[in-house]
Q: 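My questions all concern the structure below.
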2 protein chains.
Amino acid sequence: MGTERRSRGTHEAALTIRDVAERAEVSVATVSRVLAGNYPVAAKTRQRVMRAVRELNYVVNTHARALAGVRTETVAFVLNDVRGPSFSAAAYGVEREANQRGRLCLICTTEGDQERELAFMQLMREQQASAVILIGGVRDDEQYRERYTEIAQGLHAVGSRLVLCGRPSLGADVPATTVEYDNEGGAYAITTNLLANGHRRILYLGGMLEHTTSVGRLLGYHRALADFGVAPDPTLIEHGEFTRVSGYERTRAWLQQGAGRFTAIFAETDMVAAGALAALEDAGVRVPDDISLVGYDDIELASDLRPRLTTVHVPYEELGRTAVRLAIDLKEGRSREGDQHVVLGTHVVVRQSVARLHH
Amino acid sequence: MGTERRSRGTHEAALTIRDVAERAEVSVATVSRVLAGNYPVAAKTRQRVMRAVRELNYVVNTHARALAGVRTETVAFVLNDVRGPSFSAAAYGVEREANQRGRLCLICTTEGDQERELAFMQLMREQQASAVILIGGVRDDEQYRERYTEIAQGLHAVGSRLVLCGRPSLGADVPATTVEYDNEGGAYAITTNLLANGHRRILYLGGMLEHTTSVGRLLGYHRALADFGVAPDPTLIEHGEFTRVSGYERTRAWLQQGAGRFTAIFAETDMVAAGALAALEDAGVRVPDDISLVGYDDIELASDLRPRLTTVHVPYEELGRTAVRLAIDLKEGRSREGDQHVVLGTHVVVRQSVARLHH
DNA sequence: CTGTTAGCGCGTTCAT
DNA sequence: ATGAACGCGCTAACAG
């Protein structure tokens with residue numbers, strides 16, 4: 001009781017460094033120095049200050065500190081949905097790496113809305129985040145491109161690194177780091193697996209071609225066919241959403257109208273594969289005995305399905321970690337601009353959803 | 001070209017409101033007013049300012065703005081792992097509700113480390129977050145309790161709301177909001193389901209009793225047994241981790257040593273149930289024909305398993321949304337302290353993993 | 001309607 | 001080793 005504080009004792013009146021200084025009977029400068037620990041202070045004085053801090057339950061004000069030039073390093077990660085198994089694995093990687101390096105990690109969800117992504121990037125500019133990491137497909141609008149470029153330059157201007165995960169560069173005038181994984185190689189490898197098992201007519205349940213992910217995977221599929229001397233059948237190539245229901249619906253439609261036209265299905269994501277599997281199951285089609293099925297991403301679900309899904313492993317967590325690492329290393333000058341494009345490898349995980357075709 | 005800026009043109013030199021003012025040939029106050037939009041400004045002046053802002057690609061500095069009293073409202077959500085299906089659903093709810101109300105959402109992962117949770121709460125104090133939402137079990141250490149209390153009071157002092165999701169209150173002297181769901185009721189209901197199907201010896205694969213979640217669920221189990229006049233067998237109650245491997249290992253051990261002692265398994269989470277199912281499958285035990293199995297949480301996985309898992313639905317997304325809503329409503333005076341404890345309902349989702357017992 | 005100016009809380013010279 | 005004073009970029013009185 002009785003210490004005279006300047007304001008009424010209500011809430012909202014946060015303690016300042018001055019309160020601590022008064023209580024410890026030192027100047028604010030001394031308190032600042034004790035807290036920062038970057039300057040010699042007499043042991044006894046330090047004790048007094050620390051005691052006052054504890055007794056008052058004081059913490060610094062981040063904003064004031066930032067304004068004075070000492071920033072709380074923050075890494076921002078932007079994705080469309082935290083619940084998505086693959087991106088959440090990337091988020092986990094970002095989180096771990098950021099924390100390990102003493103950075104705060106901020107996660108934002110866009111629900112696929114480009115506007116929100118842009119707004120969030122602006123916000124990060126305002127907050128002077130040390131890095132902004134973007135993941136997930138984008139429509140490659142010419143109009144959006146311009147806005148991205150502008151904001152990206154703004155980020156660069158405040159020393160904030162922009163990292164694009166599996167996304168096309170914004171052009172030479174926008175300094176950004178790119179981390180991706182080998183979509184094409186993975187698709188090639190798993191298509192090869194089907195081909196080696198005798199499959200020739202492979203239904204391709206793809207995503208939208210605006211997404212570079214889809215482009216890469218489809219490319220791998222085609223290259224594998226070409227290498228096996230199989231002429232691709234364009235009518236077997238489908239485009240749709242990367243969702244379970246999309247996989248279900250599309251497969252059901254094919255079973256009704258195009259049954260017999262294919263012996264295997266390549267689903268562009270495990271989620272789509274899960275939907276496809278459910279449709280096959282509902283139609284009484286056995287996997288892999290009647291139809292073989294492969295996915296892509298190797299999310300946990302892949303080994304929960306029955307049969308366990310043969311798929312392509314994508315190192316999502318590593319993707320997140322790498323993004324953070326590159327951003328920080330570059331900021332601290334431990335890396336040259338030249339290192340700023342990394343492609344992580346993918347590989348096939350063989351499980352039980354592919355059968356050798358006997359004809 | 002040739003506008004004279006005060007610093008060398010390198011990076012790191014962010015634009016200030018003054019740059020904009022100079023370019024628009026107005027005072028900084030006018031720029032501030034245009035940007036805030038909370039004060040009359042002549043249309044022509046506004047135009048000039050906006051043009052300068054665009055041309056310069058300027059954004060405000062959050063920290064300076066915060067220091068001057070205008071905060072970017074931020075909601076912080078703390079959980080152990082973004083990849084966990086149930087908590088990530090809660091995170092999604094938090095995200096959505098926060099964004100919908102114009103708040104920034106910050107997500108932090110602790111990996112189960114209480115120290116990190118505490119550190120993060122401190123950080124949020126420093127950042128003056130408008131709300132901090134905690135989810136996940138805690139060990140109810142007397143020592144931790146004290147530290148939580150201290151930080152919680154600190155949060156309160158800066159007007160930051162603390163919300164505990166499914167976690168015991170920190171005591172009457174710590175103002176906090178609690179949102180939980182009915183663990184006991186759900187466990188009661190699903191146990192009842194097993195009992196109604198004739199099961200009497202139900203192996204209980206539980207979590208650690210330090211977690212209130214486990215306490216609640218076990219309570220429901222016991223109450224259901226009591227209501228059916230079944231004497232509980234303490235040796236059928238197991239405690240362990242909430243992981244898939246734990247479920248697998250524990251079930252395997254039981255199959256080797258205690259087979260025949262139970263006709264059904266109640267796994268305290270779907271993850272544990274998934275592990276149990278795998279163990280049963282590997283041992284050639286059919287579900288539900290030989291052994292019935294139920295879980296808890298109703299994560300997506302529950303309907304991917306074969307057989308589809310009968311489980312208790314927990315409204316995780318709603319939990320997150322409610323947490324945010326309560327915090328904001330209270331801050332804005334739209335709610336009284338009395339409303340600050342909400343219990344959401346749970347219900348059984350009947351699928352295919354329980355069979356009627358014929359003996 | 002617009003400009004001037006005094007803080008917001010902290011880090012950091014420069015004196016002492 | 002410690003203290004006094006200025007400035008970080010912005011908002012909000014107060015004048016005009």
Side-chain angles (χ1 to χ4, degrees), chain A residues 5-7 12-50 52-53 56 58-72 123 125-128 154 157-159, chain B residues 5-7 12-50 52-53 56-73 123 125-128 154 157-159:
Chain A
R5 294 257 290 291
R6 51 185 159 48
S7 53
E12 308 287 327
L15 292 162
T16 78
I17 200 174
R18 221 196 306 277
D19 297 307
V20 178
E22 278 176 21
R23 181 164 190 115
E25 297 179 296
V26 295
S27 73
V28 292
T30 303
V31 176
S32 174
R33 291 197 266 253
V34 169
L35 261 36
N38 55 3
Y39 206 84
V41 172
K44 278 194 71 168
T45 315
R46 158 177 286 107
Q47 302 288 322
R48 277 220 312 287
V49 172
M50 290 311 287
V53 167
L56 256 33
Y58 163 88
V59 290
V60 292
N61 179 327
T62 302
H63 303 302
R65 168 180 277 179
L67 197 53
V70 181
R71 296 204 181 117
T72 303
L123 208 54
R125 263 184 85 183
E126 298 177 3
Q127 306 238 358
Q128 328 258 60
V158 291
Chain B
R5 294 257 289 289
R6 51 185 158 47
S7 53
E12 309 287 325
L15 292 162
T16 77
I17 201 174
R18 218 188 320 265
D19 297 308
V20 179
E22 278 176 20
R23 181 163 190 114
E25 297 176 297
V26 294
S27 71
V28 292
T30 302
V31 176
S32 174
R33 291 196 268 253
V34 169
L35 262 35
N38 54 4
Y39 206 85
V41 173
K44 279 194 71 168
T45 316
R46 156 176 285 107
Q47 302 287 321
R48 278 221 310 290
V49 172
M50 290 311 286
V53 167
L56 256 32
N57 196 8
Y58 163 87
V59 290
V60 292
N61 179 328
T62 302
H63 302 302
R65 170 179 276 179
L67 196 53
V70 180
R71 297 204 180 117
T72 304
E73 301 274 345
L123 209 54
R125 262 184 85 185
E126 297 177 4
Q127 306 237 359
Q128 328 258 60
V158 292

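Order of the sequence lines fixes the chain letters, A, B, ..., with proteins taken first and strands second; residue numbering starts at 1 for each chain. Every value quoted in this text rests on a predicted model; they were computed, and no experiment measured them. Heavy atoms only: backbone and side chains are in, while hydrogens, waters and symmetry mates are out.
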Q: If you compare every side-chain N and O of B:Y58 against the phosphate oxygens of D:dC10 (OP1, OP2), does one of them come in below 4.0 Å?
A: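 Answer yes for this pair, as a side-chain N or O of B:Y58 is under 4.0 Å from OP1 or OP2.
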Q: Are A:L35 and A:Y58 close enough that some pair of their side-chain heavy atoms sits under 4.5 Å apart?
A: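 A:L35 vs A:Y58: side chains touch.
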Q: Between B:R48 and B:L67, which residue's closest nucleotide on DNA chain C lies nearer the 5′ terminus?
A: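 Nearest nucleotide further toward 5': that of B:R48.
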Q: To the nearest angstrom, how far is A:R65 atom CZ from C:dG11 atom C1'?
A: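 From A:R65 CZ to C:dG11 C1': 9 Å.
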Q: Nearest-Å distance, CZ (A:R18) to P (C:dG7)?
A: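 It is 11 Å, rounded to the nearest whole Å.
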Q: Using a cut-off of 4.0 Å on non-hydrogen atoms, how would the nucleic acid contact of B:A42 be classed: base, sugar-phosphate, or nothing?
A: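 If one applies the 4.0 Å heavy-atom cut-off, B:A42 turns out to touch the sugar-phosphate alone, with no base involved.
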Q: Might you point out which heavy atoms bring B:V49 and B:A24 nearest each other, and give the distance in Å?
A: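 For B:V49 and B:A24, the tightest heavy-atom pair comes out as CA-CB, 3.9 Å.
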Q: Do B:V34 and B:T45 come close enough that some side-chain heavy atom pair is under 4.5 Å?
A: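 Sidechains of B:T45 and B:V34: no contact.
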Q: So if I take every side-chain heavy atom of A:R33 and compare against D:dG3, D:dA12, D:dG9, which nucleotide ends up nearest?
A: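 Comparing D:dG3, D:dA12, D:dG9 against the side chain of A:R33, the answer is D:dG3.
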Q: Any side-chain N or O of A:T45 less than 4.0 Å from the OP1 or OP2 oxygen of D:dT2?
A: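 Affirmative; the distance criterion is met.
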Q: Taking the side chain of B:T16 as heavy atoms from C-beta outward, which of D:dA1, D:dG9, D:dT11 is closest to it?
A: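 The listed nucleotide nearest to B:T16's side chain is D:dG9.
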Q: Taking the side chain of A:A29 as heavy atoms from C-beta outward, which of D:dT2, D:dA4, D:dG9 is closest to it?
A: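 So the side chain of A:A29 is nearest to D:dA4.
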Q: Can you check the B:R71 CZ to D:dC10 P distance for me, whole Å?
A: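 Spelled out: CZ on B:R71 to P on D:dC10 is 18 Å.
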Q: Side chains of A:V20 and A:R23, heavy atoms from C-beta outward: is any pair under 4.5 Å?
A: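 No, too far: nothing below the 4.5 Å cut-off.
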Q: Over how many whole Å does the gap from A:E25 atom CD to D:dA1 atom P extend?
A: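 Value for this atom pair: 21 Å.
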Q: Checking all strands, does A:V31 fall into the base, sugar-phosphate, or nothing category for heavy-atom contacts under 4.0 angstrom?
A: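 The answer is nothing, as A:V31 stays clear of every strand by at least 4.0 Å.
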Q: Give the rounded distance in Å between these two atoms: CG of B:L56 and C1' of D:dG9.
A: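 The answer, rounded to whole Å, is 15 Å.
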Q: Calculate the interatomic distance between A:Q47 atom CD and D:dA1 atom P; express it in whole Å.
A: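 So the two atoms are 15 Å apart, to the nearest Å.
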Q: Identify the heavy atoms of A:G154 and B:N57 that sit nearest to each other, and give their distance.
A: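 So the two residues come closest at N-ND2, 3.9 Å.
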Q: When you look at B:R125 and A:N61, which way does the side-chain hydrogen bond (donor to acceptor under 3.5 Å, both in side chains) test go after all the steps?
A: CA-CA 8 Å; B:R125 262 184 85 185; A:N61 179 327; over 6 Å; no
Q: Go through C:dT4, C:dC10, D:dT2 for me and flag the one nearest to the A:T30 side chain.
A: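 The nucleotide sitting nearest to the side chain is D:dT2.
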Q: Find which nucleotide of DNA chain D each of A:G69 and B:G69 is nearest to by heavy atoms, and output the residue with the more 5' nucleotide.
A: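 The residue mapped nearer the 5' terminus is A:G69.
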Q: Which angle, to the nearest 10 degrees, lies between the helix axes at the two ends of the helix from C:dC1-D:dG16 to C:dT16-D:dA1, each defined by five pairs?
A: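 What I find for the helix from C:dC1-D:dG16 to C:dT16-D:dA1 is an axis angle of 40°.
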Q: Taking only the side-chain heavy atoms of B:N61 (C-beta and beyond), determine which of C:dT12, D:dG9, C:dG9 contains the nearest atom.
A: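 Per side-chain heavy atoms of B:N61, the pick is D:dG9.
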Q: So how far is it from B:R71 CZ to B:Q127 CD, rounded to the nearest 0.5 Å?
A: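 Spacing of CZ (B:R71) from CD (B:Q127) equals 11.5 Å.
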Q: Give a yes/no answer on whether the side chain of A:S27 brings an N or O atom under 4.0 Å of OP1 or OP2 in D:dT2.
A: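 A:S27 to D:dT2 OP1/OP2: no side-chain N or O under 4.0 Å.
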Q: Rounded to the nearest Å, what distance is computed from the CG atom of residue A:N38 to the C1' atom of nucleotide C:dT13?
A: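 Spelled out: CG on A:N38 to C1' on C:dT13 is 13 Å.
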Q: Taking any heavy-atom pair under 4.0 Å as a contact, classify A:S32: base, sugar-phosphate, or nothing.
A: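 Touches a base.
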Q: Nearest whole angstrom, please: distance from the P of D:dG3 to the OH of A:Y39.
A: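 To the nearest whole Å, that distance equals 13 Å.
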Q: Quick one: pull up CG in A:L67 and CG in B:L67 and give me the separation to the nearest 0.5 Å.
A: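 The CG atom of A:L67 sits 5.5 Å away from the CG atom of B:L67.
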